[in-house]
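Reading through the structure tokens given below for one structure.
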Amino acid sequence: MNLNAAILGYGAYVPIYRIRTEEIARVWHGGGAGPNRMKAIASYDEDILTMSYESASQALSMANYPKIQAILVGSESKPYAVKPTGSILSDILGYNSTLGVDLEFACKAGTEAMQLISGMVSAGTIDYGLAIGADTAQGRPADELEFTAGSGAGAIVLGRPNGREVAKIKHSVSYVTDTPDFWRRPHDQYPMHLGRFTGEPAYFTHTTTSVKMLFSETGMKPSDFKYAIFHQPNPRFPVEVGKRLGFTDEQLRPALLNDDIGNTYSANTIIALAKVLDMADTGDMIMLASFGSGAGSDAFVIEVNSRDDDDGYVPFSERLRNYREVDYATYARWRGKILK
Amino acid sequence: MSRVFISSASALPVSEYWTKSLADLMTDVASKAIDAANGVKIDKIIVGNMMSGYANHQEHLGALLASSLGMRGVEAMKVEAACGSGGAAVHEGYLSVKSGEYENVLVVGVEKMKDMDTPKTTKALAMAESSDFTQAVGASFISLNALLMRLYMNSYNVEEELMDYFPVIAHKNAVTSPHAQYRKAVTVEDVKRSQVIADPIRLLSSAPSGDGAAAVVLSAKEGPVEILSSEIATNDLIVAQREEPLRFLATEFAFKRAMQKSGINVQDIDFMEVHDAFPVVASLALEAMGISKRGKAPQDAADGRFNMGSELPILTFGGLKARGHPVGATGAYQIAEAFMQLAGTAGQNQVKGAKLGLTHNVGGVDTTAVIHVLRRVE
Amino acid sequence: MNVIPIAYWRNRKVYTRMIGTKCKDCGAEFFPPVRVCKKCGSRNLEEKEMPKNGSLLAYTKLSEPAQEFKEYAPIYLGLIRLDNGVNVISMIADADEEKLKAGARVQATVRKWTEDGKGGLVYYGYKFRVLQ
Ligand SMILES: [Zn+2]
């Protein structure tokens, strides 16, 4: 779909704590490591509400606090099964005359929020909206997911282009099928997945299909983009899918994050977009494709305009350098893995 | 208006009374006090208590005690002012007698804390401050005092070690104190080595919880001890909202009024029972009363100014720290102890020739201050 | 139930946005909100959002907090002077004792305060963290 939406502000938040995958492997396998070096973990007093608040505060400050009329929070680790995160966040941010909605689609709920609000502002039904993807994703102890399932939140303030926007969202497509690569039933603490089935039939098929749809609808090709952002369930997949689609290392590398923070699920591609926007220049084109298990992929064409930084703005990559490592026991305590 | 005398006093050892109920403790101590007052007819009962509703699921303590004592018909009620409840109950008893409406008033301070576990006790104590704005943010009572202690040490450049002399004085006096909970001397080294509870407050620098009850019979008829003045004052409930957190304004107000009304000179006071819940509380109280210069109370304690036999002994039976701090009973313990000193029945803890004594009881962090000035009747 | 849900609801603006009061007569600011001005006695006050930045005056590490915070022990509490001169006591997020020095610059964020068991409500509110 053609869109006439603009990114007016963005924010990315990753908790300060990390666990090395070596530490997880030490506990469960007596050595080794996961596919990534570390993953970010939320502290005992953090959840997707608090992390959403952090990223939204950054995004709203950059956008100069416009009158938000829709707050959409995408997550699979909501504090309540019934009770909207969107309304709690609206209240805390001081925006009550707003839609407050929670979305879920495994790792692509964040880009769904982005696409929906882009559609609403393009159609003129609202002037400003806030799209958030946030997760404190959990893998079952000893499961391979435990190495990568990380915590983080990304937020985007959207409106119509006004000449002072950070970037324009020009086009978006979605592709979904019923593909059972990964799921979680009500009341279950941890998700189930089908191992290698999450790769070819799920991640690769859906991502390449949506990106090809995007190319065909817009007439664009990989060389038209300065940056390409793919969902990063591990360090390898985004590079491989990018190469298959014809992108180069130079286009792919700037977005990569998984090695440092793991897979932040619904926050994954929005955080990567924040990282790329921090370094992008006027006129740069960005291709972004998310992936959510179950399964589906949203793809976007984004054109960078410019960004006036506050004096105090610290780029996301710089913030990522400040972290504290914790051991498996602390991680297990904080994330509720110890039975009492 | 009548003068107010204390006919008798009694205090149960502060302890863990696993086999006794709240009513048992009150009844035991009240019976002793009434017996010691030659079985006078009681016109009114006032019970000082902080947390019976939460700790023991029991309110209506006035009627509970009256009923347990078999005193059908007597007027009875409970008075609450957090850890200052005992002192406040004595104050209400004092006013009752002074008004001329009552001849003999029984005042009992009681607390039964040991039916609760530690987190519940912490919650109960935190109720002295704001539920909405202090408890909600995780600030327990001890942590407020810890912040105050840190602020005190930073502001006056006082080493932690110097603060530890207050528990040392308290424990030294408790060794021979028959109703003290911890009759064991400690050294500054011991305090310094004890477990940190709320940094910089340690196990041995905080008053312990316990079960206890103390009672006095107040009378319009001359007795061994006279209450010259009884004053209560308050300060902002929320410590963070005080303009000068290191000033104990409630103590300042109550002390000033108590001195005016009793017409005595501070220099003539022979001993003080100070509310030493934590060393910083004792320090700020002594400074608020002008006994020590600001920031100097710990040094005065270290210099021996407050030891038995020196110019102004404090905590003569062990204070809150070593006698024990059954919160709502503490103020009544202080009055009972002052009675023993002035009646000359303090035994090995006797302050020689004691004629004038002062008790200082606090609810919250100097949120309520209760000061009594007592005199030996010659 | 260790927290009173309706009391929390009533105070949520104070807890999450740090809404205090300002005296319309003498300009004094208060947090938490007061009904009567502590400076001049006026009852003429209005809501005022507090600044989110301040300096640490003192802190304590509490190893035995009240029961609703027991799960999270030890917790760190700070006495903080906000940039408008108002003092506030707050839990400290991501506490690192090395950095908890008097005078350290701190900033408010929103964190989980406590939750009422597995099925109860989750309570959120301000916590301060040391700025890098
Ligand atoms: Zn005013």
Side-chain angles (χ1 to χ4, degrees), chain A residues 11 13-18 40-58 61 65 77-85 87-96 136 153 187 189 312 314 318-326 330 333-336 338-340, chain C residues 5 8-19 47-50 52-53 62 65 67-77 83 90-99 105 107-132:
Chain A
Y13 175 80
V14 172
I16 199 167
Y17 302 101
R18 303 283 183 281
I41 59 167
S43 179
Y44 64 87
D45 61 356
E46 294 185 286
D47 64 10
I48 69 126
L49 186 280
T50 67
M51 296 194 307
S52 295
Y53 169 80
E54 297 266 12
S55 62
S57 300
Q58 295 167 22
S61 160
Y65 302 96
S77 37
K78 287 159 41 108
Y80 295 93
V82 178
K83 190 177 187 300
T85 316
S87 67
I88 306 174
L89 191 61
S90 307
D91 220 51
I92 296 178
L93 294 172
Y95 292 107
N96 292 106
T136 54
H187 309 299
Q189 192 180 353
V314 184
E318 223 165 283
R319 279 181 274 141
L320 269 191
R321 264 180 240 136
N322 174 36
Y323 63 84
R324 292 181 220 157
E325 287 180 31
V326 299
T330 304
R333 181 186 171 192
W334 285 358
R335 299 324 305 163
I338 297 177
L339 291 177
K340 281 180 290 185
Chain C
Y8 175 87
W9 171 82
R10 198 159 44 227
N11 290 315
R12 67 194 189 283
K13 275 199 288 188
V14 181
Y15 296 160
T16 58
R17 295 171 56 203
M18 296 186 67
I19 305 291
E47 285 191 348
K48 177 80 202 288
E49 187 164 345
M50 294 291 116
K52 301 296 186 294
N53 290 290
L62 187 57
Q67 45 194 354
E68 60 269 38
F69 303 97
K70 199 170 76 171
E71 289 287 307
Y72 314 122
I75 64 172
Y76 290 81
L77 287 156
D83 285 348
S90 166
M91 283 186 269
I92 296 170
D94 298 335
D96 173 359
E97 282 186 68
E98 301 251 298
K99 298 205 170 102
R105 293 293 293 163
Q107 185 176 51
T109 182
V110 171
R111 290 286 173 100
K112 192 158 72 177
W113 276 355
T114 182
E115 53 190 84
D116 229 335
K118 258 191 142 14
L121 288 170
V122 184
Y123 298 99
Y124 299 98
Y126 59 85
K127 284 192 188 181
F128 281 73
R129 63 168 164 230
V130 176
L131 287 172
Q132 300 306 322

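So that the names make sense, note that chain A is the first sequence line, chain B the second, and so on, each numbered from 1.
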Heavy-atom distances under 4.5 Å only: say whether C:Lys127 touches chain A with side chain, backbone, both or neither.
side chain
C:Tyr72, part contacting chain A, at a heavy-atom distance under 4.5 Å:
both
Over all atoms of both residues, closest heavy-atom pair of C:Arg17 and A:Ile92:
CG-O, 3.0 Å
Taking every non-hydrogen pair under 4.5 Å, which of C:Lys112, C:Arg111, C:Glu49 racks up the most with chain A?
C:Arg111
Atom [atom1] in [X], atom [atom2] in [Y]: separation rounded to 0.5 Å?
| X | Y | atom1 | atom2 | answer |
| --- | --- | --- | --- | --- |
| C:Ile92 | A:Asp45 | CD1 | CG | 12.0 Å |
| A:Leu89 | C:Tyr124 | CG | OH | 10.0 Å |
| C:Trp9 | A:Asp91 | CH2 | CG | 10.0 Å |
| C:Asp94 | A:Glu46 | CG | CD | 5.5 Å |

Counterpart residues, salt bridge (Lys or Arg N to Asp or Glu O under 4.0 Å), relative to C:Arg105 (two or more places apart):
C:Asp83
With sequence neighbours excluded, tell me which residues meet salt bridge (Lys or Arg N to Asp or Glu O under 4.0 Å) with A:Lys83.
none
Output yes when a side-chain donor or acceptor of A:Tyr44 lies under 3.5 Å from a complementary backbone atom of C:Glu71, and no otherwise.
no
Tell me, for A:Tyr53 versus chain C, whether the close heavy atoms (under 4.5 Å) come from the side chain, the backbone, both or neither.
side chain
Between A:Ile16 and chain C, with a heavy-atom cut-off of 4.5 Å, which part of the residue counts as in contact: side chain, backbone, both or neither?
side chain
More than 12 non-hydrogen atoms from neighbouring residues, nucleotides or ligands closer than 6.0 Å to NZ on C:Lys13, yes or no?
no
